[in-house]
Structures are given as structure tokens and as C-alpha cells.
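Only one structure is covered here, and it is reproduced in the block below.
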Amino acid sequence: MALTPTFATRPPVADLTARIGGTPLVAVAGLEGVPEDVTVLGKAEWLNPGGSVKDRAAWGIVRAAEAAGMLGHGRRLLDATSGNTGIAYAWIGAARGFGVTLCVPANASAARLRLLEALGAEIRLTDRMEGTDGAIREARRLAAAHPDRYFHADQYANPANWRAHYHGTAEEIWTQTEGRVTHLVAGVGTSGTLVGTARRLRERSPALEAIAVQPDSPYHALEGLKHLESAMVPAIYDPSVHQRTVEVASEEAHAMARRQTRRGLPVGWSGGAALVAAERVARGLTHGVVVAILPDGAERYLDEPLWSES
Ligand SMILES: Cc1ncc(COP(=O)(O)O)c(C=O)c1O
């Protein structure tokens, strides 16, 4: 399949927000049991300026807030995040001149926390046992206590999150596959990626099947993903946009990320999970184009001891 070139030479930009989106769609090799007439493609979201898919949601949320006059005049952006959205808010805030306060579960990777600090964000660590739900509760508490100090971005409830994918990710996938995408595979954290991308792609092609990827247990090691049965369900979550859920074990996702990284596709753990699910979906087809969202890259997890396993 001819893939649309996405990185043309472009003129200078005021700041790197102009380079959010337009990520490559890359052929995924090394999957097992995929029939010849089935193509699996990965959307390489770590090539966004902040290194993850969350640049899209954060920028959508910031743009909407700036337009509504809710940021600036000393007001800080406040949110709960497992890491990637925080990095996105932090660099966008640094580039555009507003402060960022983040409630982050204490089990976020050390490399992410160091990057947040380097970008000048204020970090409030929350109980690791409470996961992202504990961080959400702390952000709500702070926002209620100091309504003048903070703009509560609330990525779990803010429609600008899924809209960024509706107008961006989905349209890019449609153009890059020349309308041939048949299956979308995306992990669920806030659900913004899945909801926005699937909603738009299914308007374009009602037969398209959207597949939600979830960890198979509440005690998983897939940063960014939620086990919805046991977690607070995000307000923007809409169960009607996807047709299937695939549950993935952390070990399977880690092994897939290692395998793909060794093949030159350096995905993080949730990208590994998406590719495990895409492989399962692809095996059950006779023909089709399966697109998996690969939210971030292997580099973000280099301080974890899982890379040397076979
Ligand atoms: C690594 C990673 N994967 C997947 C996701 C899920 O994306 P979404 O919040 O759009 O559901 C996130 C969200 O933070 C993430 O950081």
C-alpha cells in the first residue's frame, strides 16, 4: 500500500505545537499467523514533539481553554495524569508561558518524573496504591479548594480530548490508508484516543470495526491503560463507539514491545498491548487493513528492567 508522506519540509514555526500530529503510519512486521491479504499498520505517535499521543489531547484542551480565556493571567493548568499527558501539558505550558501543576501516581516511571521536573512542572505525587483514580481525586480537591488559581483541564471529562482525535488522528488514518482502513485498535486510558478516532472513522466507514484494548487485570503493568471494570470510568468514555474489547496480559504486551523494538519499531508497553490485540484481530480475518495506535516509544521505559528478557 502506498503510504502518504507525512513529513514534508515546512517553514519555521512559532513553537512546536505546530508539529503535533501528522505522525507516520508504519507497516508492522514480525506478527504471527497474519494472512497474506491482511495488513497491520501502526500509528507511530511517539513522533509527536512531546513523545506521545497525548500531545494531541493536551493541545486540544489548551487551545479550547485559551480560546475561552481560561488560561493565562497567572492561572495554572491543573490535571491528573499517569505521565504522558503531564509531559504534553508541561512542554506546551513552557512554550506558551503558563504554569502547570500535575497530580501523578507515585508509581509513574522515574524517567517521566525527571522529564516533568526538567520541563518546570509542579508535581504532586499521590498514593501509588490508588493509581490514577487517586490522582484524579487530588486534582478535583485542589481545583475545588482554589478555583482562581487553577484551570482544571480534566482530561477524563474534557470533550476537547476526544475531539483532537476526531479531527486529527482519525482523518490522518483515513487519508494515509486512502480510505481502506477496516479495523482500528486502540488502548483505553482516558478513552479519548479510542472514542474520538473510532467515532470519526465509523462516520466515514460504518462497517469499520473498532477494538478497545484493556489490561486483563486491575494489577497490570501497562502505564496509561485502565482496567475499566475496576477503575473510575472516564466521563468521555462512550461504549457505543467500539464493537469489541481485547484483554491483554502485561507480560504479552512487554514481550511484543521488546520484539518490535528489536525489529526497529521502538514502541512502549501500551503500544505492545495494541499490537498483541492487532495480531489477534488480524489472525481472524481473510483480508483487511488493521490500524493500531502506538501511543509512546520504548525510550520512555528505559529505566525499567524488562528490556533484557527474551
Ligand atoms: C502510554 C499510554 N498509552 C495509552 C494511553 C491511553 O490514551 P487515552 O487516554 O487517549 O485513552 C495513554 C494515556 O495517557 C498513555 O500514556
Side-chain angles (χ1 to χ4, degrees), residues 21 23 42-48 50-61 79-90 102-105 107-109 111-113 115-116 131-133 135-136 153-166 168-170 184-200 210-215 220-228 231-239 241-242 245 248 250 253-254 256-257 266-277 292-301 304:
T23 53
K43 189 90 166 124
E45 289 297 304
W46 66 91
L47 291 170
N48 280 299
S52 88
V53 69
K54 303 303 300 204
D55 280 2
R56 296 178 186 267
W59 178 225
I61 287 170
D79 212 351
T81 159
S82 68
N84 275 332
T85 313
I87 292 165
Y89 287 140
L102 304 168
C103 302
V104 183
N107 57 337
S109 83
R112 286 188 193 208
L113 293 173
L115 182 52
L116 290 173
T132 49
D133 289 355
I136 291 169
D154 203 357
Q155 58 162 334
Y156 290 88
N158 194 325
N161 176 351
W162 67 260
R163 282 185 190 135
H165 298 284
Y166 181 95
T169 320
L184 170 76
V185 179
V188 178
T190 65
S191 77
T193 306
L194 175 74
V195 168
T197 311
R199 194 170 270 160
R200 183 64 187 138
I211 296 102
V213 184
Q214 270 192 58
H220 63 89
L222 299 174
E223 204 164 302
L225 298 190
K226 253 181 187 287
H227 182 256
L228 283 180
M232 275 159 60
V233 176
I236 59 170
Y237 179 65
D238 174 358
V241 302
H242 67 278
T245 299
V248 176
S250 298
H254 295 162
M256 177 64 86
V267 297
W269 306 142
S270 68
L275 290 175
V276 169
I293 307 291
L294 309 176
D296 66 3
E299 258 188 285
R300 208 138 269 181
Y301 304 91
E304 296 186 32

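Note that the structure is predicted; figures quoted are calculated from it, not measured. Throughout, numbering of the chain's residues begins at 1 and tracks the sequence. Note that ligands are numbered from 1 as they come in the structure, with each ligand's atoms numbered from 1 the same way.
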Worksheet item: Can you tell me if Thr85 and Gln155 form a side-chain donor-acceptor pair at under 3.5 Å?
Response: yes
Practice prompt. Can you sort out which atoms of ligand 1 are near Leu225, meaning under 4.0 Å from one of its heavy atoms?
Written response: 4 (C)
Worksheet item: Quick one: which ligand 1 atoms are inside 4.0 Å of a heavy atom on Ser191?
Response: 8 (P), 9 (O), 11 (O)
Practice prompt. Could you tell me which atoms of ligand 1, counted from 1 in the order shown, lie closer than 4.0 angstrom to a heavy atom of Asn84?
Written response: 1 (C), 2 (C), 15 (C), 16 (O)
Worksheet entry | Part of Thr190 with heavy atoms under 4.0 Å of ligand 1, whether side chain, backbone, both or neither | both
Worksheet entry | Atoms in ligand 1 with a heavy atom of Gly189 nearer than 4.0 Å | 6 (C), 8 (P), 9 (O), 11 (O)
Item to complete: Find the distance between NE2 (His254) and CG (Leu222) and round it off to the nearest 0.5 Å.
Response: 5.0 Å
Worksheet item: Side chains of Arg56 and Thr23: is there a donor and an acceptor less than 3.5 Å apart?
Response: yes
Worksheet entry | Note, Asp238 side chain near Ser191 side chain (heavy atom, < 4.5 Å) | no
Practice prompt. Would you check, one step at a time, whether the test salt bridge (Lys or Arg N to Asp or Glu O under 4.0 Å) holds for Arg300 with Glu223?
Written response: CA-CA 11 Å; Arg300 208 138 269 181; Glu223 204 164 302; over 6 Å; no
Discussion item. Contact between Val241 and Thr197 at the side-chain level, heavy atoms closer than 4.5 Å - yes or no?
Written reply: no
Worksheet item: ligand 1 versus Tyr301, non-hydrogen atoms closer than 4.0 Å: side chain, backbone, both, neither?
Response: side chain
Discussion item. Is there a polar contact between ligand 1 and Gln155, counting only N or O atoms under 3.5 Å apart?
Written reply: no
Worksheet item: Looking at Val188, which atoms of ligand 1 are within less than 4.0 Å of one of its heavy atoms?
Response: 11 (O)
Discussion item. Contact between Thr169 and Arg200 at the side-chain level, heavy atoms closer than 4.5 Å - yes or no?
Written reply: no
Worksheet entry | Side chains of Glu304 and Trp269, donor plus acceptor under 3.5 Å | yes
Worksheet entry | Close-contact set for ligand 1 against Asp296 heavy atoms, below 4.0 Å | 1 (C)
Practice prompt. Just let me know how Val53 lines up against ligand 1, side chain, backbone, both or neither, with a heavy-atom cut-off below 4.0 Å.
Written response: neither
Worksheet item: Under a 4.0 Å heavy-atom limit, does Glu223 contact ligand 1 with its side chain, its backbone, both, or neither?
Response: backbone
Worksheet item: Does Asn161 reach the main-chain N or O of Asn158 with its side chain, forming a donor-acceptor pair under 3.5 Å?
Response: no
Item to complete: Please confirm whether Ser270 comes within less than 3.5 Å of ligand 1 when only nitrogen or oxygen atoms on both sides are compared.
Response: yes
Worksheet entry | Thr193 neighbourhood, listing ligand 1 atoms whose heavy-atom distance to it stays under 4.0 Å | 7 (O), 8 (P), 10 (O)
Practice prompt. Under 4.0 Å from a heavy atom of Pro295: give me the atoms of ligand 1 that qualify, with their elements.
Written response: 2 (C), 3 (N), 4 (C)
